[in-house]
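Letters A, B, ... are given to chains in the order of the sequence lines, protein chains preceding strands, and every chain is numbered from 1.
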Number of protein chains: 2
Amino acid sequence: MASLTPWISIPQDSDFSIYNLPFGIFSRQYEPPRAAIAIGDKLIDLFPLAKQGFFDELVPTRTVFAEPTLNSFIALGKKITNGVRLLVQTWLCEEGSPLHQNQDLIYPQADVKMHLPVKIGDYTDFYSSIEHATNVGKMFRDPENALLPNWKHIPVGYHGRASSIIPSGQPILRPKGQVVAKDAKDPSYQPSGRLDFELEMAFIIGKNTELGDSISTAEAEDYIFGMVLFNDWSARDIQKWEYVPLGPFLGKSFASSVSPWVVPLEALDPFRVPGPEQNPPVLPYLNYMGNKNYDIALEVGIQPRGATETIVSRSNFQYMYWNMAQQLAHHTINGCNVNVGDMMASGTISGKSEDSYGSMLELAWAGSKPLKMSDGSERVFINDYDTVIMRGHAEKDGVRVGFGEVRAQVLPGK
Amino acid sequence: MASLTPWISIPQDSDFSIYNLPFGIFSRQYEPPRAAIAIGDKLIDLFPLAKQGFFDELVPTRTVFAEPTLNSFIALGKKITNGVRLLVQTWLCEEGSPLHQNQDLIYPQADVKMHLPVKIGDYTDFYSSIEHATNVGKMFRDPENALLPNWKHIPVGYHGRASSIIPSGQPILRPKGQVVAKDAKDPSYQPSGRLDFELEMAFIIGKNTELGDSISTAEAEDYIFGMVLFNDWSARDIQKWEYVPLGPFLGKSFASSVSPWVVPLEALDPFRVPGPEQNPPVLPYLNYMGNKNYDIALEVGIQPRGATETIVSRSNFQYMYWNMAQQLAHHTINGCNVNVGDMMASGTISGKSEDSYGSMLELAWAGSKPLKMSDGSERVFINDYDTVIMRGHAEKDGVRVGFGEVRAQVLPGK
């Protein structure tokens with residue numbers, strides 16, 4: 001499989017290998033945001049290549065690469081988007097190719113600013129890790145009946161706030177809100193004291209549907225353009241007081257952070273694995289054929305101010321009980337329409353072992369088991385000035401395809 | 001107060017009096033959608049007036065009226081949007097005015113198609129009627145403790161699906177999904193058997209905020225451009241099975257219908273009334289000064305196929321326990337940003353009397369009290385081919401300002 005030999009130098013173990021080639025939106029100083037492909041620690045500026053006509057056989061409009069989001073490009077369809085990716089892959093391996101002759105259009109990633117890759121219409125968050133749902137159920141409801149009766153029948157999900165999804169690197173402001181102090185009856189207004197991350201991945205819709213249409217599990221992956229890392233920041237104390245009966249609201253809507261490079265589903269194809277057995281059997285519209293889970297190793301680090309990072313969790317996207325095809329089939333079974341750029345997140349991805357849990361709530365078991373940082377300090381939730389970093393990559397037969405990272409520092413609120 | 005005398009003829013009791021002048025988006029055959037103001041049973045085509053320069057002193061860009069949504073126009077700010085409204089009001093009362101000389105730009109509403117007035121970024125649904133929350137609590141939880149502990153402290157709300165919000169007139173397809181039949185343990189897949197409306201009103205955000213900003217109750221109305229009628233279609237059987245613990249999802253996301261004319265908050269100013277006393281007292285950030293409820297009479301009709309309409313509910317927007325300023329202050333207290341075009345719905349607006357309830361769930365008390373239609377048939381929920389119509393208007397001292405209607409027929413699903 002690993003047979004391509006690019007002329008460009010790529011750091012060993014780079015997430016952005018010749019087999020990946022994810023899309024993103026970058027800008028350089030005084031220049032407007034536009035589309036790029038990542039390779040190694042560099043990126044390829046696509047619009048100047050398009051302007052010279054090098055994509056003309058594939059792409060109907062050159063300016064699609066000059067837009068500040070990937071939406072119009074994605075809407076062209078997988079045949080075109082993956083065509084561009086494969087063409088660039090060929091160029092990167094061919095001396096004398098258009099890209100080889102335009103190496104001034106390859107910039108270090110360190111020199112540019114990355115933006116949100118898409119304009120997000122609607123954002124949905126699922127709750128599809130059985131370990132996470134069980135852990136939360138044990139802590140907050142009944143340890144003997146941790147999973148609610150609907151959980152194994154429905155890929156449970158809810159609508160989230162799209163406006164507050166921000167790109168990696170932008171700081172998070174600690175939210176304020178109503179919380180009920182221990183032993184208090186009434187709420188008080190204060191900064192959240194239980195700020196948490198949630199380790200998630202999200203997929204981005206690549207094709208519109210009409211209201212009334214449903215997407216089958218067999219078709220679902222045609223509607224998924226690609227994936228990003230997703231940190232679903234959560235204020236546990238605000239969430240706990242507000243969420244019954246209509247679900248999470250202000251405990252989540254202050255911010256979610258995403259990684260800037262969208263890895264197309266095609267690049268993840270070699271890393272398919274079987275999902276867990278689903279028992280009881282699911283309803284027919286949730287049945288699926290083939291391997292629809294993906295082996296993507298994930299980790300979370302916390303870096304206190306002035307200290308080195310401590311890895312607090314190692315998990316894997318393959319642990320998901322419900323896969324993306326099932327999530328999308330369920331989301332549209334009632335006729336709900338989806339649009340290019342919609343984002344659908346997995347829910348917290350926890351594994352079976354205690355060091356694979358995807359949130360501080362679970363890792364420190366609701367505050368009862370503090371985690372030690374490299375500087376000797378302890379954490380049960382996230383402190384001001386901590387930076388939280390999530391990383392993810394797949395690797396097999398010498399081929400590595402990764403997501404880079406999503407990172408954000410927590411600052412005191414305004 | 002009622003002192004303006006327009007030269008245009010306006011049907012008596014029209015919602016679209018000279019004191020209203022709401023904005024909407026219309027199209028004529030073979031022409032693109034663009035902005036209009038409603039007057040009586042007609043509308044005024046604004047772009048051709050702008051092209052002639054008649055708004056130049058107020059509006060920086062003429063083409064803002066040629067766009068397919070009101071977002072750019074609204075983003076100009078209330079000084080400009082209300083300036084346009086007042087200028088048109090003056091023209092409508094002045095012989096020889098630019099509009100009087102361009103009466104060919106006034107078309108019957110019956111001859112045009114109305115569209116969604118705004119591109120909706122995020123949609124939020126509140127749950128702010130104490131009568132509705134109490135009724136639902138009695139039916140589904142504990143009749144003795146119908147209101148949950150947080151209800152009187154928080155204007156409870158949740159994120160809804162923006163993509164499936166559709167304009168009045170577009171039919172609704174009965175959704176399919178997972179429901180648990182009576183006495184069954186496991187879910188089955190079937191069309192919803194408990195399709196319901198929810199009588200709501202929604203406000204539209206008129207000004208962006210930055211992530212981290214909060215809007216005070218005193219500032220809130222500056223951020224509200226105007227209001228529409230809102231039918232939050234609900235599939236009660238799907239909702240019941242799915243909603244614990246993360247809230248409503250597919251039971252709502254198949255469709256919500258809105259009225260096409262956005263009534264600016266300025267037009268509703270004469271109809272302010274005090275809200276209900278809030279006890280226990282709310283936290284300081286939810287305190288407010290002045291009258292922030294609005295006396296808007298609401299009604300819901302059901303029209304079976306081939307029969308006349310039966311009015312099944314008469315309610316009023318003034319019943320809301322939580323007002324819009326409190327909803328918006330709460331929504332942003334955690335720093336969540338809002339954008340022009342965001343829509344925030346009230347939640348079902350029920351009154352105290354049984355004939356003022358805002359949903360079939362309450363009117364027919366979970367199926368136990370069927371409602372009689374004009375053709376002798378009975379309803380506990382909404383049948384295929386029924387049309388549901390909601391209307392709303394304010395009236396005082398001979399001045400009427402109304403919303404027209406939001407209507408939709410229910411069709412069997414695909």
- Choice from R141(B), K119(B), K252(B), H153(B) maximising heavy atom contacts with chain A below 4.5 Å: H153(B)
- Query: Under a 4.5 Å heavy-atom cut-off, does chain A meet the side chain of D125(B), its backbone, both or neither?
  - Reply: neither
- With the side chain counted from C-beta on, respond yes when L148(B) and P245(A) share a heavy-atom pair under 4.5 Å apart, and no when they do not. yes
- So which part of L286(B) gets closer than 4.5 Å to some heavy atom of chain A, the side chain, the backbone, both or neither? side chain
- Choice from P280(A), G160(A), P191(A), G137(A) maximising heavy atom contacts with chain B below 4.5 Å: G160(A)
- Message: Taking S163(A)'s backbone N and O only, do any of them form a donor-acceptor pair with N339(B)'s side chain (distance below 3.5 Å, no angle check)?
- Response: no
- Query: Measuring heavy-atom distances to chain A, does R174(B) have an atom under 4.5 Å in its side chain, in its backbone, in both, or in neither?
  - Reply: neither
- Should the pair H331(A) and F249(B) be assigned to parallel (<30°), tilted (30 to 60°) or perpendicular (>60°) ring geometry? perpendicular
- Query: For chain A, which of I120(B), I333(B), V338(B) has the most heavy-atom pairs under 4.5 Å?
  - Reply: I333(B)
- One should read off an interatomic distance between L283(A) CG and Y189(B) OH, to the nearest 0.5 angstrom, of 9.5 Å
- Counting heavy-atom pairs under 4.5 Å to chain A, which of P248(B), G121(B), A235(B) comes out on top? P248(B)
- Message: Given heavy-atom pairs under 4.5 angstrom as the criterion, report whether the side chain, backbone, both or neither of T124(A) touches chain B.
- Response: side chain
- Less than 4.5 Å apart, any side-chain heavy atom of H159(A) and any of Y123(B)? no
- Classify the side-chain pair Y285(A)/Q178(B) by whether it contains a donor and acceptor separated by less than 3.5 Å. yes
- Query: Which atoms of I172(A) come close to chain B, meaning under 4.5 Å heavy atom to heavy atom: side chain ones, backbone ones, both, or neither?
  - Reply: neither
- Task: For salt bridge (Lys or Arg N to Asp or Glu O under 4.0 Å), just list the numbers for D186(B) and K152(A), CA-CA rounded to whole Å, side-chain angles, deciding distance to a tenth of an Å, and then say yes or no.
- Result: CA-CA 11 Å; D186(B) 287 332; K152(A) 285 187 168 184; over 6 Å; no
- Query: With a 4.5 Å heavy-atom cut-off, do D342(B) and R161(A) have their side chains touching?
  - Reply: yes
- Note: Y158(B) and L246(A) closest approach over all heavy atoms is CB-O, 3.4 Å
- Item | I238(B) portion near chain A, given a 4.5 angstrom heavy-atom threshold | neither
- Query: Quick one: CG on N337(B) to OG on S164(A), what's the gap to the nearest 0.5 Å?
  - Reply: 6.0 Å
- For the atom pair CG (L211(A)) and CG (L173(B)), what is the distance rounded to the nearest 0.5 Å? 6.5 Å
- Measure S214(B) against the heavy atoms of chain A and call it side chain, backbone, both or neither at under 4.5 Å. neither
- Of the backbone (N, CA, C, O) and the side chain (C-beta and beyond), which part of V136(B) lies under 4.5 Å from a heavy atom of chain A, both, or neither? neither
- Query: Picking from P175(B), G335(B), P187(B), which has the most non-hydrogen pairs under 4.5 angstrom with chain A?
  - Reply: P187(B)
- Give a yes or no on whether the backbone of G177(A) and the side-chain of N334(B) come within a donor-acceptor separation of less than 3.5 Å. no
